[in-house]
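Just the heavy atoms: all of them, side chains too, but no hydrogens, waters or symmetry mates, feed the values below. The first residue in the sequence is number 1, and the count goes up from there.
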Amino acid sequence: MAKYDVAVVGGGPGGYTAAIRAAQAGAGVCVVEMDRVGGTCLNRGCIPTKALLSCTGVLANIKRAEEFGIRVGEVKTDWAKMLKRKNQVVEKLVSGVEFLLKSYAIDLINGKASLIDKNTIAIETSNGGDNELYASHIILATGSRPAYIPAFDIDGKQVITSNEALDLAELPESLIIIGGGVIGCEFACIFAELGVKITIIEALDRILNTEDRQISQRMRGVFRKRGITIHTNARITKIKKSAGEVTAVLESGEEVSAQQAMVSIGRALNTQGLGLEKVGVEQGARGEIVVNERMQTNINNIYAIGDVVGKIMLAHVAARQGIVAAGNIMGKPDVMDYSVVPGAIFTHPEIASVGLTADKAKEGGYEVNIGNFSFMALGKALAMGEAEGTIRLVADAASDKLLGAQIMGPHATDLIAEVALAINNGITARDVAHTIHAHPTLAEAVFEAAEDVHGQAIHVARKKGH
Ligand code: NAI
């Protein structure tokens, strides 16, 4: 039986990062993966959607070409070619991860793993073979999949999930998106730009409900202008299917019909068939694997990271958890801290946030100073023709330390990194304002918002009382 210091089950961003970190520290490592490495992020999530968003971004710019003094002829899109490009980007990254694992002498074992005991893993291979391996330490990183509601009868054809949406043979004329969360809104941007008539049905009172309320409202306005219909506070009682049409019946009695429907109502954790019960690995109420801040389960040589621990379902959180788990296994104690996790939503315009909103900071007992700045007043944003949006910084009034930021606007997902670094290192709004930011750049919005924390933004008209 093959023996390893560390066996990682699942080769997503959490799993492969943990494997590489353990190998860097000198461990003999294997990764057991039943599909290609890269997990949801590389194969069915972050990367393919961003590849498609790049296509629709080019299209959006071409549609506005006249504004930039460029006359273009008839614009035709080729969905099949967009998918091909997307698949090439994915292939490049997935094979890149395979190459990385090889370079660290990490064995990549193709098959479905389940625990036999706390040190033994059974592997069922795709050709029906069975293998076993021994590992001193095990890291479970099996991820998640789209959540299913039986009543929605997801058939992968008329009613689909984001998995199928990324490989549609043809674009539908119209699409109902059930769930106005992150996945729903990113896909709404992709498909609406390509001319698909989109209707979002959201059970809560606003789309993107994890974001600041003002940002949700602004995004709703942007979507409306783009012709996207949004139903909020809308519960679906039934989904009816007929040839070429799907109809969602709402609690209000209203009916919404489209050629297809995509369900994006959250994700379910991949814990079944892992042998957790057999070994006695503790699970929580939602089936999540319970871990301590060292990412260790109740079985002391078994760790778990990523979506499967049910904390924050983001690739960069999984990767950090992987580094923490590998560090602890390899004798470099480390703990997971969730207080400064940047969130990035790739809608158009983009949305990004980190740390506390003003409301959350006040709930936490802070007195806060707020700094706002609009991209409308920023030279670079105007030159780019991307001036929709704002940045808000939240600072502790007592210490001036930054507590949080919410950004909606061009390259918001890149700009958030500066604020994340600032919060993580106890940097004040004044420190940020005293840092020279290059001109003309979008980063000047962060500088101006930091100045505005003290009512001193340069490109904001004088406020009363200052
Ligand atoms: P989500 O939790 O973000 O949104 C699901 C939405 O569906 C919620 O607004 C919820 O109220 C709504 N909903 C639930 N049941 C419903 C029903 N029966 N009818 C109508 N609406 C209903 O989940 P989503 O969008 O599926 O994303 C899953 C995970 O993937 C999230 O944790 C997200 O953070 C992550 N993700 C992150 C991305 C990013 O960071 N850019 C991109 C895509 C996904």
Side-chain angles (χ1 to χ4, degrees), residues 5-27 29 31 39 41 115 118-119 135-144 210 267 269-271 274 276 279-344 353-357 360-361 363-366 396 401-404 416-417 419-427:
D5 300 316
V6 181
V8 182
V9 180
Y16 81 70
T17 303
I20 289 174
R21 183 46 60 91
Q24 285 170 340
V29 184
V31 172
C41 172
L115 300 171
K118 68 193 260 298
N119 291 108
S136 308
H137 293 90
I138 295 171
I139 301 178
L140 302 170
T142 46
S144 66
T210 49
R267 298 183 62 88
L269 311 177
N270 291 334
T271 51
L274 263 182
L276 299 177
V279 183
V281 176
E282 190 188 342
Q283 287 175 262
R286 291 172 299 133
E288 76 277 15
I289 300 178
V290 176
V291 288
N292 61 20
E293 58 181 9
R294 305 173 72 244
M295 306 314 298
Q296 190 178 30
T297 69
N298 60 316
I299 310 291
N300 64 9
N301 70 315
I302 301 182
Y303 290 69
I305 59 169
D307 289 2
V308 86
V309 302
K311 303 265 191 216
I312 305 176
M313 287 193 181
L314 293 172
H316 44 282
V317 171
R320 171 73 194 136
Q321 290 170 332
I323 286 173
V324 169
N328 286 319
I329 290 170
M330 300 308 292
K332 291 199 180 105
D334 204 351
V335 293
M336 197 57 208
D337 175 3
Y338 297 96
S339 56
V340 191
V341 175
S353 55
V354 67
L356 302 175
T357 60
K360 281 269 176 309
E363 277 168 32
Y366 287 101
D396 174 16
K401 282 184 183 171
L402 289 177
L403 299 173
I416 203 70
V419 191
L421 184 68
I423 300 174
N424 216 22
N425 291 283
I427 285 172

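Looking at T271 and V281, their side chains never come closer than 4.5 Å, going by heavy atoms from C-beta outward. Contact annotation: the side chain of L115 approaches that of L276 to within less than 4.5 Å [non-hydrogen atoms, C-beta and beyond]. By the 4.5 Å heavy-atom criterion applied to side chains, I289 and I302 are not counted as neighbours. Side-chain atoms of I305 and T17, non-hydrogen and from C-beta on, never get closer than 4.5 Å to each other. Side-chain contact check for K360 versus L403: every heavy-atom pair is 4.5 Å or farther apart.
Atoms CD and CZ, on Q283 and R286 in that order, are 11.5 Å from each other to the nearest 0.5 Å. Separating the OG1 atom in T297 from the OH atom in Y303 is a distance of 8.5 Å, to the nearest 0.5 Å. How far CG of N298 is from CG of N292: 10.0 Å, rounded to the nearest 0.5 Å. Here R294 contributes atom CZ and I329 contributes atom CD1; the two are 9.0 Å apart, rounded to the nearest 0.5 Å. Note that CG of D5 and CE of M330 are 6.0 Å apart. Values are rounded to the nearest 0.5 Å. In this structure, CD on E282 lies 9.5 Å from CD1 on I299, to the nearest 0.5 angstrom.
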Under 3.5 Å, which donor-acceptor pairs link side chains of residues 337-344 to any protein atom two or more places apart or in another chain?
unit_1: D337; atom_1: OD1; unit_2: S339; atom_2: N; d: 2.9
unit_1: D337; atom_1: OD1; unit_2: S339; atom_2: OG; d: 2.7
unit_1: D337; atom_1: OD2; unit_2: S339; atom_2: OG; d: 3.2
unit_1: Y338; atom_1: OH; unit_2: Q321; atom_2: NE2; d: 2.8

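No donor-acceptor pair under 3.5 Å is formed between the side chain of D396 and the backbone N or O of K401. Using a distance-only test at 3.5 Å, with no hydrogens or angles considered, a donor-acceptor pair links the side chain of N301 to the main chain of K118. Between the side chain of R267 and the backbone N or O of S144 there is at least one donor-acceptor pair closer than 3.5 Å. The backbone N or O of A420 sits nowhere less than 3.5 Å from a side-chain atom of N424 that would complete a donor-acceptor pair. D334 contributes no side-chain N or O that, together with a main-chain N or O of N328, makes up a donor-acceptor pair within less than 3.5 Å.
Nearest heavy-atom pair across A27 and V6 is CB-CG2, 4.1 Å. Nearest heavy atoms, C41 versus P13: CB-CG, 3.5 Å. Closest approach of A19 to V31, counting heavy atoms only: CB-CG2, 3.5 Å. Heavy-atom minimum distance, M295 versus V309: CE-CG2, 4.2 Å. The minimum heavy-atom distance linking R320 with V335 is given by the pair NH2-O, 3.6 Å. Y16 and G11 get closest at one heavy-atom pair: CD2-O, 3.6 Å.
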